[in-house]
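What follows is a short report on a single structure.
Values below: every heavy atom of this structure, side chains too, minus hydrogens, waters and symmetry copies.
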Amino acid sequence: LNPAVKRMFGNTTQRTACRTLIDTYGLERLQKIILETLPKTNSMQFFPTISTPLQLLDKFVILESSIKRYQGEKKVKGLADINKQ
């Protein structure tokens, strides 16, 4: 997501954040989030913008709750649309 990512691996804070994320959430889950989720959510209103490992570590719970809230709103809106028919 961030072209300056190569520079970040020289930063011990970013490397530590990567290790903590992998240990906590697992490599496969993180890959899916980085490759599939963040490109979408970073451009959406009311979602946290995340472009570094440390930001992902700091905002992981906020990202998850934003996604759940968004999915819930879509379901409720869909139900309201069905009730109008």
Item to check | Distance in Å, L63 CG paired with T41 OG1, rounded so as to fall on 0.5 Å steps | outcome: 5.0 Å
Checklist outcome for this item: On a heavy-atom basis, the closest approach of L30 and F60 is CD2-CE1, 4.3 Å
Checklist entry - Is there a chain of hydrophobic side chains (I, L, V, M, F, W, Y, each step under 4.5 Å between heavy atoms) that links I62 to L56? => result no
Checklist entry - At their closest point, which heavy atom of T49 faces which heavy atom of K59, and how far apart are they? => result O-NZ, 3.2 Å
Next on the checklist: For a quick test of reading the model, state the closest non-hydrogen atom pair linking N42 to P48 and the distance between them.
Outcome noted: OD1-O, 3.4 Å
Item to check | Pairs meeting criterion salt bridge (charged side-chain N to carboxylate O under 4.0 Å, His left out) with involvement of residues 29-58, two or more places apart | outcome: R29-E64
Side-chain donor-acceptor pairs of residues 18-27 under 3.5 Å, sequence neighbours excluded:
{"unit_1": "R19", "atom_1": "NH1", "unit_2": "D23", "atom_2": "OD1", "d": "3.2"}
{"unit_1": "T20", "atom_1": "OG1", "unit_2": "T16", "atom_2": "O", "d": "2.9"}
{"unit_1": "T24", "atom_1": "OG1", "unit_2": "T20", "atom_2": "O", "d": "2.7"}

Item to check | Spacing of I34 atom CD1 and S51 atom OG [to the nearest 0.5 Å] | outcome: 11.5 Å
Next on the checklist: Applying ring-ring contact (aromatic ring centres under 6.0 Å, His included) to Y70 and F46, what does each step give before you reach the verdict?
Outcome noted: CA-CA 10 Å; Y70 177 75; F46 305 115; over 10 Å; no
Next on the checklist: Using every non-hydrogen atom in the two residues, find where Q14 and T52 come nearest and quote the distance to one decimal.
Outcome noted: OE1-CB, 3.7 Å
